[in-house]
Amino acid sequence: MDVSDLIDPLNPAQREAVTAPLGHALVLAGAGSGKTRVLTHRAAWLVRVEGATPWNLLAVTFTNKAAAEMRGRIEQLLGLSGSGMWVGTFHGLSHRLLRLHWQEAGLPQGFQILDSEDQRRLVKRVMRDLEVDENRWPVRQLQGFINARKDAGERPEDLDTGDPYSGQMARVYTAYESACRSAGVVDFAELMLRTVEMLQNHLELLGHYRRRFRHVLVDEFQDTNGIQYEWLKLLAGPESDVFIVGDDDQSIYGWRGARVENLQRFREDYSNTRVLRLEQNYRSTSTILEAANTLIARNSDRLGKKLWTEGEQGEPIALYAAFNEQDEARFVVERLMAMVEEYGLARRDIAILYRSNAQSRTFEEALLARRIPYRVYGGLRFFERAEIKDALAYLRLIANRDDSAALERIINTPTRGIGNRTLEAIRLAARDQDVSLWAAARGLVENRGVLPARAANSLRAFLELIDGLAAESADLDLADRLETVLERSGLRGHVGKDRSERAQDKLENLDELITAARSFEQDATIEEGMDTLTAFLAHAALEAGEGQAGAWEDCVQLMTLHSAKGLEFPVVFLAGLEEGLFPHRMSVEEPGRLEEERRLAYVGITRARQRLLITYAERRRLHGRDEFGIASRFIRELPPGLIDEVRARFSVTGPDAAGGGLGDGVIPEAEFNLGERVQHSRFGEGVVLDCEGSGPNARIQVNFDEVGAKWLVAAYANLERA
DNA sequence: GTGATGAACCAACCT
DNA sequence: GGTTCATCAC
């Protein structure tokens, strides 16, 4: 069998990993070392050389994007459809198992998935029912608590309820579980935990999957949490080989329960694990790599890995100290424009990375002003938009009348005369009789005189609307069904009722939803045991979709450091490297969290292939107030020799130098900071506002006290410090 | 019961 | 700076 196409593109270390004998393997793969390539080639190797069938393979990742890429690449290598191969995210695969075995899992057949927002609303509802003071017990905190417990594999009965604090938390957790049960919904963490419990309690199922999945492959292992680790240990039986890939230096999800120790634990739990290291970097210049290595070397408890490259030294890392965040954005945009215009770089090859989503705004404004196409990743995603979730809530209710979370969302959207009083009466009845809101509402409508006539009529109309929609759209395909729902419910009219731009956007989103439904029905492979509607709703919850719909253009890419993991760009701007912002002020106290911030910086630096430009702002408007920033410690932790400070202080050179070439030596005559007070012989005193260019041709803008703002050619202006 | 207005809160982000 | 939520006038 000719496997040269599998082996030839690999370097010796990669080859060793791909062709390792059967058995457990842990591949410690540094940034840009060809991690995904090793994983996909290993999968193909197992099928083509070791005689496995795709049916024997289970490949797990964290994001849908990574899963889709992995599947595509394996199928390409195998030259046949990888049908029968299970490739997906932890949550996606768990969902699949639960759909197939809903009875064993103790779930209703049509169970639905709650996203984080749905979950928060439900926790809030439960807390109100329990009369828990939301000021003392913030909803988000309880939500976080519940998820953390589930991620650790703990149910309410596993908790220590000795003190009042724990008792209260456990009480909410218990009530939340019961609300989920009666509504037939599961949250993300529940997908994992429920699957684990199902396999533990049904040994025949466990045996079946263990016999089937002889080869388990896991990507980004450093991001696994407790329950995901349990999940893997269950599904990979004693006869299975587990091949995991990870990088402890890129563990950046500790704050949501990821346990980097799982890498070590794996070595202990799986005896005879072959440990392999991929340390040759193919991505970055040696300058960029050395900077990354120096930075990350400060962290303690690393598994130890030193990346090296045969690549060129490349250009130094540029550092720009901006006056404020507008100046920072101006610098970034001017630089990237120059790269596009002068070097013919594609816009999509340039990324602007930042610590938090809120920072994107200034860059968007600067790009917009210069009419440069850009694309922001992250932020509110398509299926998370309010109007989309409203539409989906109708579908959820049609699929399952007991979905009380969906009912609460839309019972009065659009407004139909069912206000808080009526809803409160429904809740009360539901609690009393221990039934869903739907059942309680039906009871109230049927018993004359319980509700005021007007409220009863409105409520009856609502119940009939939903039943009617369900009945008359049952035979329609998904897109037509949605169309019917949008029209008959009045949601479309409600959403587009004013003629604002926002309302137009929302209408377009609803149209886009119909398009999404149509293409889902045509293209998606619907899993066994699921009707199309349920499958579409699960798809919406599990894959929230990109933030921006529309055609792929050649766009500058904006995203947070977290979402940049796994990607690479020829040019990277790393913005906002200030103490308090990055590292985030919440993280500097605890050494562990600071190290995670440093890993995040490491991830950012190693995204760059050719050029890395770092910026920070000396002043920044944060939470509505002006704050002074100093350069991030991460800048100071880079080797100074690799950094070229662009214009922390810009130099103004005298007229003599104007005619001479660079070789003649440009003599800086003065340096000014933006914001500094200067003196001009004719215009008097003023403040430096801006500067364009550098050297003899630099122009400088000064806001003079007497005559206002003026642009001056710095070389001839003879400015002096005031 | 509805819709507008202002205070309070929040801010990493994938499933 | 934006969004959500409570409050208030109608």
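Sequence lines set the chain letters: A, B, ... in the order given, protein chains first and strands last, and positions in each chain run from 1.
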Among [options], which nucleotide sits nearest the side chain of [X]?
{"X": "A:Asn412", "options": "B:dA12, B:dT2, B:dT15", "value": "B:dT2"}
{"X": "A:Thr415", "options": "B:dT15, B:dG3, B:dA12", "value": "B:dG3"}
{"X": "A:Arg421", "options": "B:dT2, B:dC14, B:dG1", "value": "B:dG1"}
{"X": "A:Arg140", "options": "B:dC14, B:dC10, B:dA12", "value": "B:dC10"}
{"X": "A:Arg361", "options": "B:dT15, B:dT2, C:dG2", "value": "C:dG2"}
{"X": "A:Lys124", "options": "B:dT15, C:dG2, C:dC5", "value": "C:dC5"}

Original post:
Base, sugar-phosphate, or nothing for A:Asp223, non-hydrogen atoms under 4.0 angstrom?
Top reply: nothing
**OP:** For A:Glu597, answer base if it contacts any base atom (sugar-phosphate contacts may also be present), sugar-phosphate if it contacts only those atoms, and nothing otherwise; contact means non-hydrogen atoms under 4.0 Å.
**Re:** base
**OP:** Please state whether the base of B:dT15 and the side chain of A:Ser116 form at least one donor-acceptor pair under 3.5 Å?
**Re:** yes
Subject >> A:Trp255 ring center within less than 6.0 Å of A:His584 ring center >> reply: no
**OP:** Decide if the gap between the ring center of A:Phe111 and the ring center of A:Trp102 is smaller than 6.0 angstrom.
**Re:** no
Original post:
Does a sphere of radius 6.0 Å around CZ in A:Arg620 hold more than 12 heavy atoms from other residues, nucleotides or ligands, not counting ones at 6.0 Å or beyond?
Top reply: yes
Subject >> Counter-base of B:dG3, judged by Watson-Crick or G-U geometry with both distances under 3.5 Å >> reply: C:dC8
Subject >> N/O (side chain, A:Arg381) to phosphate O (OP1/OP2, B:dT15) under 4.0 Å >> reply: yes
Original post:
Are A:Arg421 and A:Glu424 ion-paired here, with the side-chain N under 4.0 Å from a carboxylate O?
Top reply: no
Subject >> Nearest-angstrom distance from the residue atom NE2 of A:His562 to P of B:dA11 >> reply: 14 Å
